[in-house]
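Below is one structure, written out as structure tokens, with a few remarks after it.
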Amino acid sequence: MLIEIKRDKPEAVAADVLAVPLWQGATVGRRGAAAQLDARLEGLIGDYIESGDFKGTLNSTALLRTRGMIAAPRVLLVGLGEKSEPRELEHLRQASASAATTARKLGATSLAVLPPAVSATASELAQAITEGALLGLYKLEKYKTADDEASQNALEQLTLLATSASAQKELQRGAERGQVIAEAVSLARDLGNSPGNDINPSYLAATAQTLAETTSLGCRLLDPAEMEELNMGCLLGVAQGSAQPPAFIILEHTPRGASGAPIVLVGKGLTFDSGGISIKPAGGMEDMKMDMSGGAAVLGTMQALARLNYPRRVVGLVPASENLPSGTAVKPGDILRAMSGKTVEVINTDAEGRLILADALAYAVEKYKPACIIDLATLTGAVVVALGSQATGMMGTDDDMMTRLREAGERCAERVWQLPLFDEYSKQIKSDFADIKNTGGREAGSIIGGAFLKEFVGDTPWVHLDIAGMAWTREGKPYVPKGSTGWGIRLLLETLESMPAPAAKAKSRAKAKAS
Ligand code: BES
Ligand code: MN
Ligand code: ZN
């Protein structure tokens, strides 16, 4: 998609559809671009608002034919809902997606948007419009041989109208950032939506290698022999039931001049989770192709960090495996030895995510001595029971990081909610035969997953995000079509953006001293 910022007046822009997002209860006013546009349209927009035919409720639309009064043949009024501070950009993101998908349905190839007034910078505004439009139009077409309506129509150009030269620059910056982010999320969605017979551990590894070839990222892959060498008994144990070899992906973002311990992101890359010998019920099992969504989010985030020239060192780790039952599969009662040396009794082979993460977390701690670790995993059905599809379950050992993630989540509308990790919960995973076991009874399922992971992070500041309720959607919303959501990339980028670079920190301290 071509994205342009233009200083055209709205009445002069020659797009197939001109979208005018409007807050609920707002009028076109007497001055400004919207008022001028309405004057050219002989008060058509004002009529729609005053008559109540268009009320501005979130994602509502009204289509007007302009009959030659302005350059664009259609104006699309789009409702932004109530103008309520913390959610303004989220409403804009949704309305932008509604405008883009409506324009696509009309067969439009170009869409122009008249940016509304919001309590945010021009850059944030453009980012929200761009993210909304691109993510709303997202579609995986690869597996369809017959074109449906949406794939026959393709929006090729998005224009944001700027009111001044300085706004134009800021809008440009925001739109570029929005496009980079939307492309990262789309990559993750493609991986989550594509079937397990294509997306296996080797495919994820090849994807990481392609990322390294197309960006400044460094990539290393561990093969099973190297995993053996490192004593990654848990990852190898999960993978031993499958004909597909496991993979261990290492992506490094090392900006010039950046020093200090890296931030490590870890994502569960389970490319199909049948449950293994503790097999899952058949109903809905097909959705378990998305059990690599944490890994996909890490790959997408790393791509975006490189393209945005993020100033700090970041490492992305993705342990990848299938979980299948077979004559060679790990069995309940089996004891595995993790890379950290801890022994794990496998009670339920369906609690496999924590096993492959255990070795990745231990690898992160041992090889990188990280400033902090954030892991993302579709870890438990229990988190879906607890929080549904509105928030990710968050646990960890670092309150500052968790506060940062919660606030970033509110800003970008990828919310997290903290669950406790009291030491007492760890009693539930004591094993009679090994150091620990991989499940701990019916109570507090998601927390037990977190308590298990905590065994492998030592004293590294660490946060675990259980994204099982957020990685996939059956309903969808305007900028999140049904299926894989790509959840977590926007949250991680927003969080990392809020973290001062260690060098900059030292400088400002020196400055403070000098003055
Ligand atoms: N991948 C699943 C968790 C999951 C459930 C993801 C629903 C997305 C939607 C995970 O590997 C799993 O099977 N967890 C078990 C853990 C249990 C055996 C302790 C679960 O939640 O049932
Ligand atoms: Mn499982
Ligand atoms: Zn799983």
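Whatever order the structure lists ligands and atoms in, that order sets their numbers, starting from 1.
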Item to check | Separation between CG of L191 and OG of S293, rounded to the nearest 0.5 Å | outcome: 9.0 Å
Checklist entry - Centres of the F248 and Y363 rings: under 6.0 Å? => result yes
Checklist entry - Can you name the closest pair of heavy atoms from A175 and T130 and give their distance? => result CA-OG1, 3.5 Å
Item to check | K268 backbone or side-chain N/O/S under 2.8 Å from the Zn ion (ligand 3) | outcome: yes
Item to check | K268/E352 salt bridge by N-O under 4.0 Å criterion | outcome: yes
Checklist entry - Without hydrogens or angle criteria, can the side chains of T61 and T102 be said to hold a donor-acceptor pair below 3.5 Å? => result no
Item to check | Criterion salt bridge (charged side-chain N to carboxylate O under 4.0 Å, His left out) against E494, the qualifying member of R415, R404, R411 | outcome: R411
Item to check | Proximal atoms of ligand 1 relative to M290 (non-hydrogen, under 4.0 Å) | outcome: 8 (C)
Checklist entry - Counting backbone and side-chain atoms alike, does D291 have an N/O/S atom under 2.8 Å from the Mn ion (ligand 2)? => result no
Checklist entry - For atom 16 (C) of ligand 1, what is the nearest protein heavy atom, given as residue, atom name and distance? => result R354 NH2, 3.9 Å
Item to check | Sub-4.0 Å atoms of ligand 1 with respect to non-hydrogen atoms of K268 | outcome: 1 (N), 10 (C), 11 (O)
Checklist entry - When you measure from atom 17 (C) of ligand 1 to every protein heavy atom, which one gives the shortest distance, and what is it? => result A351 CB, 4.4 Å
Item to check | Contact atoms of ligand 1, heavy-atom distance to T378 under 4.0 Å | outcome: 1 (N), 2 (C), 3 (C), 6 (C)
Checklist entry - Would one find an N or O of D350, backbone or side chain, under 3.5 Å from an N or O of ligand 1? => result yes
Checklist outcome for this item: Of all the N, O or S atoms in D273, the one nearest to the Mn ion (ligand 2) is OD2
Checklist entry - Do T460 side-chain atoms and V365 backbone N/O form a donor-acceptor pair below 3.5 Å? => result no
Item to check | Those atoms of ligand 1 less than 4.0 Å from some heavy atom in T439 | outcome: 19 (C)
Checklist entry - Which residue holds the protein heavy atom closest to atom 7 (C) of ligand 1, what is that atom called, and what is the gap in Å? => result M288 CE, 3.7 Å
Next on the checklist: Residue-level breakdown please: for L379 versus ligand 1, do any non-hydrogen atoms fall below 4.0 Å on the side chain, on the backbone, on both, or on neither?
Outcome noted: backbone
Checklist entry - In ligand 1, which numbered atoms sit nearer than 4.0 Å to a non-hydrogen atom of N348? => result 18 (C)
Next on the checklist: Does the residue D273 have a heavy-atom contact with ligand 1, meaning some pair of atoms that are separated by less than 4.0 Å?
Outcome noted: yes
Checklist outcome for this item: Looking at E352, the N, O or S atom sitting nearest the Zn ion (ligand 3) is OE2
Next on the checklist: Set out, in order, the CA-CA distance, both residues' side-chain angles and the distance that settles salt bridge (Lys or Arg N to Asp or Glu O under 4.0 Å) for K482 and E475, then state yes or no.
Outcome noted: CA-CA 6 Å; K482 279 183 205 169; E475 291 89 45; over 6 Å; no
Checklist entry - Is the H464 ring parallel, tilted or perpendicular to the W462 ring (thresholds 30°, 60°)? => result parallel
Checklist entry - Looking at atom 21 (O) of ligand 1, what's its closest protein heavy atom, distance included? => result G381 N, 2.7 Å
Next on the checklist: Applying side-chain contact (heavy atoms from CB on, under 4.5 Å) to V238 and L270, what does each step give before you reach the verdict?
Outcome noted: CA-CA 10 Å; V238 171; L270 211 291; 4.2 Å; yes
Next on the checklist: How large, to 10°, is the angle at the Mn ion (ligand 2) when you draw lines to OE1 on E352 and to O on D350?
Outcome noted: 70°
Checklist outcome for this item: Tested for side-chain hydrogen bond (donor to acceptor under 3.5 Å, both in side chains) against S278, the lone hit among T439, N323, D350, T349 is T349
Checklist entry - Which of the numbered atoms in ligand 1 are below 4.0 angstrom from a heavy atom of E352? => result 11 (O)
Checklist entry - Is R177 salt-bridged to E131, cutoff N-O under 4.0 Å? => result no
Item to check | Sole residue of D459, D423, D398 in salt bridge (charged side-chain N to carboxylate O under 4.0 Å, His left out) with K454 | outcome: D423
Checklist outcome for this item: Here the vertex angle at the Zn ion (ligand 3) for OD2 of D291 and OD2 of D273, given to 10°, is 90°
Checklist entry - Any N or O on K280 sitting closer than 3.5 Å to an N or O of ligand 1? => result yes
Checklist entry - Can you check whether a protein heavy atom sits less than 4.0 angstrom from atom 11 (O) of ligand 1? => result yes
